[in-house]
Visitor: 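Questions regarding the structure given below will be posed in turn.
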Amino acid sequence: VLGRSFDEVLERATAHLDTMTGGRFTLVHEDSGRHKSSAADFVINIIDRLSGEQREIGSVSGGEGFQVSMALALGLSDAAQSHATGGKRIEAMFVDEGFGTLDENALGNMLMALKKVSDSQRLIGMISHVDDLEEFIPDRISVVKNKNGKGSHISMQNA
């Protein structure tokens, strides 16, 4: 049961990762040949479609690592949502930093993936210092340093 659930999360995460990376990466459950009954059996590898190689997830760069982490979080959220009973929904998700590790193209793809999630009636909260995000996010709460250099205040911007 755990192995199937794990595979479902990876499948859903790969769908998000496709959007973020233009289809470059696929997440796969490393098959150890055992019965997937121990923690060692829940190993994730990544297939890089550009090179055609499968490698350990720990070999990805900082920006790629952020994309994989985000895709896994979204995949887990999707899987949990699909199995929710009693009308319980996951309505919000918060992302803390990582956007600065992405190049311009990867950032655009990441924002597109997050927009898809927010279009499904989920709130996405992003915590970041990347100025380019302001153009993409019409409703924001910003923490602004006071002019006297002491402390800060909150500024709200709505579309």
Side-chain angles (χ1 to χ4, degrees), residues 2 4-29 42 44-50 55-159:
L2 287 175
R4 282 192 209 135
S5 296
F6 190 67
D7 289 339
E8 178 185 358
V9 169
L10 292 183
E11 183 179 315
R12 291 172 182 270
T14 293
H16 290 289
L17 194 57
D18 276 347
T19 301
M20 293 177 209
T21 65
R24 179 176 175 186
F25 296 118
T26 299
L27 299 174
V28 293
H29 185 172
F42 294 96
I44 302 170
N45 282 343
I46 191 163
I47 297 174
D48 185 335
R49 292 185 190 139
L50 287 181
R55 54 190 168 121
E56 293 180 7
I57 198 77
S59 69
V60 299
S61 71
E64 293 167 348
F66 178 61
Q67 290 171 316
V68 168
S69 294
M70 177 66 70
L72 285 168
L74 294 171
L76 180 59
S77 173
D78 290 349
Q81 186 69 47
S82 74
H83 296 287
T85 58
K88 300 198 186 300
R89 291 187 35 85
I90 298 171
E91 296 180 355
M93 179 176 182
F94 289 86
V95 181
D96 186 8
E97 282 304 333
F99 296 98
T101 64
L102 303 174
D103 63 31
E104 186 177 323
N105 186 46
L107 179 60
N109 289 339
M110 173 71 72
L111 294 174
M112 189 180 343
L114 291 174
K115 180 164 179 19
K116 282 183 180 180
V117 173
S118 68
D119 286 347
S120 69
Q121 304 302 312
R122 284 194 246 173
L123 171 71
I124 303 292
M126 294 186 275
I127 302 166
S128 182
H129 297 93
V130 176
D131 293 333
D132 291 344
L133 291 178
E134 289 183 12
E135 296 173 21
F136 183 79
I137 304 167
D139 299 326
R140 300 185 304 279
I141 299 172
S142 300
V143 178
V144 182
K145 289 183 181 180
N146 291 332
K147 291 180 182 177
N148 64 9
K150 297 181 183 179
S152 57
H153 64 280
I154 293 175
S155 169
M156 296 181 69
Q157 295 84 29
N158 297 338

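Since this is a predicted model, take the numbers as computed values, not measurements.
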Visitor: For residues G100 and V130, report the shortest heavy-atom separation together with the two atoms involved.
Guide: N-CG2, 3.5 Å
Visitor: Do the charged groups of E8 and R12 touch, with an N to O distance under 4.0 Å?
Guide: yes
Visitor: Return the minimal non-hydrogen interatomic distance between M70 and L114, and the atom names on each side.
Guide: SD-CD2, 3.9 Å
Visitor: Determine which pairs satisfy ring-ring contact (aromatic ring centres under 6.0 Å, His included) with at least one residue from residues 96-121, sequence neighbours left out, and list them in order.
Guide: F66-F99
Visitor: Is there a side-chain contact between V68 and I44 (heavy atoms, below 4.5 Å)?
Guide: no
Visitor: Taking atom CE of M20 and atom NZ of K116, what is their separation to the nearest 0.5 Å?
Guide: 10.0 Å
Visitor: Apply salt bridge (Lys or Arg N to Asp or Glu O under 4.0 Å) to R24 and list each qualifying residue two or more places apart in sequence or on a separate chain.
Guide: D48, E64
Visitor: How close do N158 and D139 get, counting heavy atoms only, and between which atoms?
Guide: CA-OD1, 3.2 Å
Visitor: Would you compute the distance between atom OG1 of T26 and atom CG of N45 and round it to the nearest 0.5 angstrom?
Guide: 12.0 Å
Visitor: With sequence neighbours left out, what residues match R140 under salt bridge (Lys or Arg N to Asp or Glu O under 4.0 Å)?
Guide: none
Visitor: List the residues meeting side chain to side chain donor-acceptor pair (under 3.5 Å) with T14, not counting sequence neighbours, and say none if there are none.
Guide: none
Visitor: What pairs meet the side chain to side chain donor-acceptor pair (under 3.5 Å) rule with one or both residues in residues 69-78, with sequence neighbours excluded?
Guide: H16-D78, S77-R122, D78-R122
Visitor: Describe, in one word, how the ring planes of F42 and H29 are oriented to each other, choosing from parallel (under 30°), tilted (30 to 60°) and perpendicular (over 60°).
Guide: parallel
Visitor: Just verifying a value: how many Å separate I46 CD1 and L17 CG, rounded to the nearest 0.5 Å?
Guide: 5.5 Å
Visitor: I want to check something: taking the side chain as every heavy atom from C-beta on, are R55 and V60 in contact at a cut-off of under 4.5 Å?
Guide: yes
Visitor: Sequence neighbours excluded, which residues qualify as side chain to side chain donor-acceptor pair (under 3.5 Å) partners of N105?
Guide: none
Visitor: To the nearest 0.5 Å, tell me how far T101 OG1 sits from L107 CG.
Guide: 9.0 Å
Visitor: What pair of heavy atoms forms the shortest contact from N109 to G22, and how long is it?
Guide: ND2-N, 4.3 Å
Visitor: Which pair of heavy atoms, one from L102 and one from G63, lies closest together, and at what distance?
Guide: CD2-O, 3.4 Å
Visitor: Check the surroundings of atom NE2 in H129: do more than 12 heavy atoms from other residues, nucleotides or ligands lie under 6.0 Å from it?
Guide: no
Visitor: When you look at CD1 of I154, are more than 12 heavy atoms from neighbouring residues, nucleotides or ligands closer to it than 6.0 Å?
Guide: no
Visitor: Out of curiosity, K115 NZ to T19 OG1, how far, rounded to the nearest 0.5 Å?
Guide: 13.0 Å
Visitor: Please check if the number of heavy atoms outside I141 that lie under 6.0 Å from its CD1 is greater than 12.
Guide: no
Visitor: How long is the span from the CD1 atom in I47 to the CG atom in L27, to the nearest 0.5 Å?
Guide: 9.0 Å
Visitor: Looking at every non-hydrogen atom in both residues, tell me the closest pair between Q67 and T21 and how far apart they are.
Guide: OE1-CG2, 3.7 Å
